[in-house]
Amino acid sequence: GVEEAYKAFGPGMKTYTTTEFLQDEECQNRIWIISSSDYDSFYEENFNNENYKLIENKTFYTNYSGKEEYKIYLIQKNK
């Protein structure tokens with residue numbers, strides 16, 4: 001599934017499909033978030049606060065099975 005697809009980003013990276021990584025002490029520095037239009041408020045609900053800094057975000061549109069919208073966020077975890 002998803003974990004296999006994102007291995008290309010690096011052997012030291014982990015892929016999570018839940019918010020359990022927020023409690024993981026190994027989770028430091030930068031975090032990539034890929035959010036679909038089905039759950040567009042994920043960044044706002046979990047990372048739009050003083051614990052994280054938004055570095056960049058972009059929106060992409062695809063036409064796989066109708067028009068799909070994806071947002072990709074790169075954030076920095078404050079120490």
Side-chain angles (χ1 to χ4, degrees):
V2 173
E3 291 83 7
E4 191 68 27
Y6 289 103
K7 279 185 180 176
F9 287 109
M13 292 189 167
K14 294 182 180 178
T15 302
Y16 295 89
T17 56
T18 67
T19 57
E20 70 185 48
F21 71 93
L22 295 174
Q23 312 309 319
D24 188 345
E25 295 206 10
E26 291 182 19
C27 180
Q28 298 182 19
N29 290 326
R30 293 188 170 184
I31 302 168
W32 289 93
I33 300 168
I34 302 171
S35 177
S36 71
S37 56
D38 297 337
Y39 190 28
D40 192 30
S41 60
F42 184 77
Y43 168 78
E44 293 294 329
E45 292 173 4
N46 296 284
F47 300 101
N48 192 13
N49 60 57
E50 66 278 354
N51 296 321
Y52 301 93
K53 175 185 173 188
L54 177 64
I55 296 174
E56 189 170 354
N57 70 314
K58 292 193 177 190
T59 302
F60 296 89
Y61 301 94
T62 64
N63 289 312
Y64 294 123
S65 58
K67 191 169 186 174
E68 298 287 331
E69 177 182 307
Y70 295 93
K71 292 187 179 181
I72 299 179
Y73 300 86
L74 175 58
I75 60 174
Q76 179 79 34
K77 186 174 184 180
N78 296 329
K79 296 181 180 188

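For this chain, numbers begin at 1 and follow the sequence in order.
Between Glu68 and Asn63, every side-chain heavy-atom pair lies at or beyond the 4.5 Å cut-off. Contact check for Ile72 versus Ile33: no side-chain heavy atoms found under the 4.5 Å cut-off.
Separating the NZ atom in Lys77 from the CG atom in Asn29 is a distance of 9.5 Å, to the nearest 0.5 Å. In this structure, OG on Ser41 lies 11.5 Å from CG on Asn48, to the nearest 0.5 angstrom. Note that CD1 of Ile75 and CD1 of Ile31 are 4.0 Å apart. Values are rounded to the nearest 0.5 Å.
For Asn57, there are no side chain to side chain donor-acceptor pair (under 3.5 Å) partners, not counting sequence neighbours. Residues passing the side chain to side chain donor-acceptor pair (under 3.5 Å) test with Gln76 are Arg30, sequence neighbours excluded. Partners of Asn49 by side chain to side chain contact (heavy atoms under 4.5 Å, CB included), not counting sequence neighbours, listed by chain and number: Asn51, Tyr52. Scanning for side chain to side chain donor-acceptor pair (under 3.5 Å) contacts around Glu56 gives an empty result, with sequence neighbours left out.
Between Tyr43 and Tyr73, the ring centre distance stays below 6.0 Å.
Listed by first and then second residue, the salt bridge (Lys or Arg N to Asp or Glu O under 4.0 Å) pairs involving residues 41-55 amount to none (not counting sequence neighbours).
Note on Phe60 and Trp32: same hydrophobic cluster, where clusters join Ile, Leu, Val, Met, Phe, Trp and Tyr whose side-chain heavy atoms are under 4.5 Å apart, directly or indirectly.
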